[in-house]
Amino acid sequence: MAQDKKQVEQITDMEADFAQWFTDVCRKAELIDYTSVKGMFIYRPYGYAIWENIQHGLDAEFKKTGHENVYLPVLIPESLLQKEKDHVEGFAPECAWVTMGGDEKLEDRLCVRPTSETLFCEHYSHIIHSWRDLPKKYNQWCSVLRWEKTSRPFLRHREFLWQEGHTMHATAQEAREETMQMLGIYADFCENVLAMPVVKGRKTDKEKFNGAEETYTVECMMHDKKALQAGTSHYFGDGFAKAFDITFTGKDNQPHYPHQTSWGVSTRLIGGIIMTHGDNNGLVLPPRIAPTQVIIIPVAQHKEGVIEASRAVMERLQKAGFRVKMDGSDQSPGWKFAEYEMKGVPLRLELGPKDMEKNQCVLVRRDSGEKSFVSLDGIEETVAKLLDSIHDGLYAKALKNREENTYPAFSLEEAKAIQQEKGGFIKTMWCGDLECELKMKDEAGMSSRCMPLEQEHLGDVCPICGKPAKHMIYWGVAY
RNA sequence: CGGGGUGUGGCGAAGUUUGGUAUCGCGCUUGGUUCGGGACCAAGAGGCCUCGGGUUCGAAUCCCGACACUCCGACCA
């Protein structure tokens, strides 16, 4: 069945209204529900299951690289938050405050954590004394609160789920290596598990994290050509250590400040998955993250043996390690086809009386709609191959979208024209001055995305001011 | 935070201009027939019309206010 044919009428076409399409998918695929508090969303079982799979995958990578999970409190005293000047300036405007305990007013009001650098620093100041105590490589899975003015499912919540890694190292070099290692883990995860190609790069001073020396990012292009920052990794130097008075005694018996990193990804990744792979029939999930990889639909299930045969196939596939479900409800087959397409299940397996006679089943890919009749002998291998092929196809399609919508520009006018006519990423040279960055924002409506680690030489001068260029940089409209 | 739009059973809407018993489609429940692309027939259940004030004999409808959703900006690692 051709995939360009729209089969789910409940979802707005993405070409007609991308924002409405996104909201429709979030709701119709049963990922999310709204609550009576603005910007606060319920992750429904299917949506939360995607997050759990992200957690399992990333957590395993964190553990492999020597990180330990911890849990810190949800409340931060204002006095603690204020110790690092840039940090408090960045976050104070979007903090939610606890000012009452029961019916008593609190002397030092408490901020609901927007991020936990300050708490980690306080804790590290207690437990780091000697070079033998380093490195400390902690990670926390939790939710954070930011009082955003506008909110959208997955992309901007007032409360969202994330992980925040916070590490302390004896040397700057080791901390820098950690920063880059974690950026690499995020990039690999996005590409190999979520099928989302990324651009790895460094943020400009304007865009970097408040209090960081350097911020690195993995940037993705969504289907509507807008940019989404999928993950971020910061090198802090010893700025926080100084502000929080964290010192250790080195092998030289002298006091030293440790060097710090932090890094995180959030449930925004789910928004990225939706906007990278989704189509007009709804969600399209990359197989390695899909809560259900194969949905089995028994056809004419009242006929003798159909349910039993379907269940047998399900059990075989489950035994082979796939996440498989069978829908034996009394909805019509057509209803079920539409339902699981909307929910983005990568592979549908149909099994009816005709198939049973021939010892076969029907497999339908969610990404292309391609249908094949395959033998039940060796079904495990067939499914494995198809799921890998779907992953590769999704990745290739997303990469093609990014490549076809990335343009070099050699003047501000050209950048502006490309942005207005085509959108997408624009790459230029850049002198490094904030003034030029602001000009690009004001005149072309684009913010800097990153200075990619893989630099290209597009020229010698900054196209905005004409001064000598220091970097190649990506620009775009971002979520 | 500024500007626009919207708020009526679970969902989508009509009704608001011109105040007078709450409508439709889908979904839901039960029974039956169906079953390879959102099946059909029959009988049912379900509504503080977002919330709070006001005007009126009477408000979904008019007036004032609040809240939420949504779009465009600003802001936002």
Side-chain angles (χ1 to χ4, degrees), chain A residues 1-2 5-12 17-20 22-24 27-28 33-41 86-87 89-95 114-115 117 144 146-153 155-158 160 162 164 202-212 214-219 228-234 236 262-266 268 281-282 297-303 306-307 327-342 348-356 360-362 364 369 371 373 441-442 445 447-450 477-479:
Chain A
M1 180 93 24
K5 185 179 164 215
K6 185 175 172 67
Q7 315 199 30
V8 178
E9 300 300 333
Q10 299 175 7
I11 297 172
T12 306
D17 185 344
F18 194 80
Q20 187 60 51
F22 178 79
T23 306
D24 286 352
R27 296 179 61 173
K28 303 294 182 187
D33 191 25
Y34 289 80
T35 70
S36 48
V37 183
K38 178 184 169 65
M40 301 221 171
F41 298 88
D86 290 340
H87 190 67
E89 275 178 16
F91 282 104
E94 49 184 0
C95 284
T115 180
E117 271 74 11
V144 288
R146 297 181 187 179
W147 215 250
E148 304 285 357
K149 286 170 180 168
T150 58
S151 56
R152 298 187 63 188
L155 302 174
R156 181 158 288 113
H157 291 195
R158 281 182 169 175
F160 58 93
W162 78 346
E164 46 180 329
R202 185 158 68 87
K203 287 287 189 187
T204 62
D205 283 351
K206 177 179 178 292
E207 297 287 328
K208 78 180 184 187
F209 181 83
N210 300 295
E214 294 165 9
T215 289
Y216 294 86
T217 175
V218 281
E219 296 284 328
L228 186 81
Q229 179 174 338
T232 183
S233 184
H234 314 291
F236 283 163
S262 86
W263 28 273
V265 300
S266 73
R268 185 180 252 201
N281 291 322
I297 314 281
V299 175
Q301 60 188 21
H302 57 289
K303 298 245 173 85
V306 172
I307 288 282
D327 187 344
S329 71
D330 63 357
Q331 298 286 4
S332 72
W335 186 92
K336 291 176 190 175
F337 296 165
E339 177 71 8
Y340 294 101
E341 260 156 28
M342 204 152 63
R348 176 172 86 233
L349 189 156
E350 302 170 20
L351 189 71
K354 291 182 218 163
D355 302 308
M356 288 167 64
Q360 68 172 28
C361 64
V362 180
V364 185
K371 187 183 268 195
F373 298 81
K441 176 73 185 170
D442 284 348
S447 56
S448 69
R449 301 324 310 152
C450 68
V477 177
Y479 275 99

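Every value quoted in this text rests on a predicted model; they were computed, and no experiment measured them. By convention in this document, chain letters (A, B, ...) are assigned in the order of the sequence lines, proteins followed by strands, and residues within each chain are numbered from 1.
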### Message
Between Ser332(A) and C35(B), is there a contact of a side-chain N or O with OP1 or OP2 at under 4.0 Å?
### Response
no

### Query
Across all strands shown, which nucleotide pairs with G44(B) by Watson-Crick or G-U wobble geometry, both distances under 3.5 Å?
C28(B)

### Task
Check every atom of C35(B), G38(B), C11(B) against the side chain of Lys28(A) and return the nucleotide holding the closest atom.
C11(B)

### Inter-residue atom distance Ser448(A).OG - Arg202(A).CZ, 0.5 Å rounding
11.0 Å

### Task
Counting heavy atoms from C-beta on, name the nucleotide in G38(B), G36(B), A74(B) closest to the side chain of Lys149(A).
A74(B)

### Query
Roughly how many Å is it from NE2 in His302(A) to P in C35(B), rounded to a whole number?
6 Å

Short N/O separations, protein against nucleotides 3-10 of chain B, under 3.5 angstrom:
none

### Query
Using a distance-only test with no angle check, is there a side-chain donor-acceptor pair under 3.5 angstrom linking Asp355(A) and Gln360(A)?
yes

### Task
For each nucleotide in nucleotides 65-72 of chain B, reading 5' to 3', give B when a protein heavy atom comes within less than 4.0 Å of its base, S when such contact involves only the sugar-phosphate, and - otherwise.
---SSSS-

### Task
Please state how far atom CD in Gln331(A) lies from atom P in G38(B), giving the value in whole angstrom units.
13 Å

### Task
Provide the Watson-Crick or G-U wobble partner of A39(B), both distances under 3.5 Å; none if there is no partner.
U33(B)

### Message
Using Watson-Crick or G-U wobble geometry with both distances under 3.5 Å, which nucleotide pairs with C69(B)?
### Response
G5(B)

### Candidate pair Ser447(A) and Arg449(A), rule side-chain hydrogen bond (donor to acceptor under 3.5 Å, both in side chains), full reasoning
CA-CA 6 Å; Ser447(A) 56; Arg449(A) 301 324 310 152; 2.8 Å; yes

### Query
Do Phe91(A) and Phe209(A) have ring centroids that are under 6.0 Å from one another?
yes

### Task
Give, for atom CD of Glu94(A) and atom NZ of Lys149(A), the distance between the pair rounded to the nearest 0.5 Å.
9.5 Å

### Query
Considering only heavy atoms and no angle criterion, is a donor-acceptor pair shorter than 3.5 Å present between the side chain of Arg146(A) and the base of C76(B)?
no

### Task
Please give the nucleotide sitting opposite C75(B) as a Watson-Crick or G-U wobble pair, both distances under 3.5 Å, or none.
none

### A22(B) - base-pair partner by Watson-Crick or wobble geometry, distances under 3.5 Å
none

### Message
Looking at Arg156(A) and Glu148(A), is there a salt bridge between them, counting it only when a charged N and a carboxylate O are closer than 4.0 Å?
### Response
yes

### Task
Could you verify whether a donor N or O on one side chain and an acceptor N or O on the other, from His157(A) and Ser151(A), lie under 3.5 Å apart?
no

#### Entry: Residues Arg348(A) and Glu339(A) bridged, charged N to O under 4.0 Å
no

